[in-house]
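This report concerns only the one structure given below.
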There are 2 protein chains.
Amino acid sequence: MSEKISQAVIRRLPRYYRYLEEVEAKGVDKISSSRMSTEMGLNASQIRRDLNCFGGFGQQGYGYSVGKLKKEMAHILGLDKRYKVIIIGAGRIGHALLGYKGFMLEGFDVTDIFDADKGKIGTDIEGKKVLDINGLDRYLQENAIDLAMICTPKEHAQSIADRLVSLGIRGIWNFAPTDVDVRRGVAVENVHLSDSLYVLAYKLNQ
Amino acid sequence: MSEKISQAVIRRLPRYYRYLEEVEAKGVDKISSSRMSTEMGLNASQIRRDLNCFGGFGQQGYGYSVGKLKKEMAHILGLDKRYKVIIIGAGRIGHALLGYKGFMLEGFDVTDIFDADKGKIGTDIEGKKVLDINGLDRYLQENAIDLAMICTPKEHAQSIADRLVSLGIRGIWNFAPTDVDVRRGVAVENVHLSDSLYVLAYKLNQ
DNA sequence: TAGATTGTTAATCGATTAACAATC
DNA sequence: TAGATTGTTAATCGATTAACAATC
């Protein structure tokens with residue numbers, strides 16, 4: 001927080017967290033940067049440097065405590081809190097995200113799902129009744145929601161994002177194939193699944 | 001192809017492609033790096049440099065032809081070919097990917113979907129009958145498939161990947177929350193949706 | 001203490017940006 | 001031709017890696 005953490009470092013944080021979960025599950029309780037280096041395929045200096053952005057979690061001559069480091073990592077990522085989430089768009093991706101039980105374990109509670117399609121509103125998906133997007137403003141006034149997942153067609157993504165932000169949403173996970181822009185202070189992650197598929201096609205042809 | 005293209009450049013290619021589709025749809029037929037710079041939020045030098053990795057597509061004093069550049073981009077990414085694709089895992093993500101019509105337009109034909117669950121095998125999803133994973137080897141011997149999307153639980157991702165590669169699959173789009181490793185010459189894109197959610201949580205807390 | 005491994009500074013490497021000559 | 005804009009070289013910036021002193 002004091003000095004600015006680079007994007008490159010931030011993008012590696014979830015990977016550290018995943019790795020630590022894995023080794024903890026194996027019953028490992030002490031780990032060195034050199035072992036992490038071998039097993040993760042990252043440079044050991046880089047690992048120590050990355051971790052030191054957030055504090056001195058290690059101990060010279062010993063290494064890092066897996067349990068402590070994982071806990072610190074969870075805290076840095078904000079995974080030691082719980083988040084209330086809504087999904088906008090009850091198409092296939094919205095449906096898939098709603099049904100993914102992993103989110104709940106990780107602290108993300110999907111409270112409701114919205115759609116504009118009269119044919120979908122009121123139907124039941126994964127045990128949730130699809131709500132009318134027209135009731136969104138009132139809903140957000142009455143419920144404290146932390147973040148929204150946008151699973152609409154790309155045409156509606158930006159306007160929905162604007163509406164969400166104006167209603168107080170502070171974080172947006174966007175699956176529509178377009179970048180949504182928001183004012184400073186609001187967090188957005190644009191997923192762009194097809195970008196990843198395009199890169200795969202590129203690699204396939206090398 | 002001659003000189004090595006950096007990962008950073010490769011990751012920007014789909015973004016150029018998306019942008020070019022957009023401006024073409026608006027009827028723009030000529031574009032300069034400086035306009036691209038403003039509209040995409042990238043540095044103009046970087047754009048010219050990136051494009052020049054693949055050839056001199058522009059014309060001094062004029063700029064780039066949108067149609068030509070988009071076509072070149074599609075060619076570089078390999079989007080001017082068609083790919084036969086199978087999906088492994090008929091859970092929610094597999095289902096969502098199978099149903100996404102956009103892939104077909106972009107050259108990716110999903111021919112079949114496989115699962116190990118007796119309760120799912122033989123059922124109909126999005127007009128496809130779910131096939132038994134036990135028949136995978138034979139299926140791949142009899143059908144020329146270019147790439148596979150892995151949508152299994154993480155425990156099975158690596159072993160399925162190994163099997164796919166040994167059967168001749170050259171590209172893997174992996175949605176299981178673990179990195180799959182393959183031999184040189186096989187292309188993999190590990191998606192890691194939850195990494196992106198974790199980064200969002202991180203940003204939310206800054 | 002001796003051995004191990006961190007935290008951190010210094011060196012290297014690569015990517016981004018600026019500048020400008022070439023040229024349409 | 002004059003103006004515009006590319007392609008490309010040179011300068012800058014930031015990220016990665018190596019090295020090592022601090023210290024458990």
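Keep in mind that the numbers below use all heavy atoms, side chains included, and drop hydrogens, waters and symmetry copies. Residue numbering restarts at 1 for every chain, and letters A, B, ... go by the order of the sequence lines. Note that the structure is predicted; figures quoted are calculated from it, not measured.
A side-chain donor-acceptor contact under 3.5 Å links B:H192 and B:D179. Using a 3.5 Å distance cut-off with no hydrogens or angles, the side chains of A:Y198 and B:E106 do pair a donor with an acceptor. For the residue pair B:Y139/B:D112, the side-chain donor-acceptor check at 3.5 Å is satisfied.
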Output field dot_bracket for DNA chain C (Watson-Crick or G-U, both distances under 3.5 Å, | for other-strand pairs) contains ..||||||||||||||||||||||
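For the side-chain hydrogen bond (donor to acceptor under 3.5 Å, both in side chains) condition, the pairs that include at least one residue of residues 45-54 of chain B, sequence neighbours left out, are B:R12-B:D50, B:Y16-B:D50, B:S33-B:R48.
Applying the side-chain hydrogen bond (donor to acceptor under 3.5 Å, both in side chains) test to B:D80 and every residue at least two apart in sequence or in another chain returns B:H75. Applying the side-chain hydrogen bond (donor to acceptor under 3.5 Å, both in side chains) test to A:D137 and every residue at least two apart in sequence or in another chain returns A:R163.
With ring centers used as reference points, A:F108 lies 6.0 Å or more from A:W173. A distance of 6.0 Å or more separates the ring centres of B:F57 and B:Y64.
Closest of all the heavy-atom pairs between B:I125 and B:L98 is O-CD2, 3.4 Å.
B:R170 and B:D146 are not joined by a salt bridge, as no carboxylate oxygen comes within less than 4.0 angstrom of a charged side-chain nitrogen.
Between A:R11 and D:dA15, a side-chain N or O to OP1/OP2 separation shorter than 4.0 Å is absent.
Residues from residues 56-72 of chain A with heavy atoms under 4.0 angstrom of DNA chain D, sorted by number: A:Q59, A:Q60, A:G61. Contacts with DNA chain C (heavy atom under 4.0 Å) in residues 26-52 of chain B: B:N43, B:S45, B:Q46, B:R48, B:R49, listed by number.
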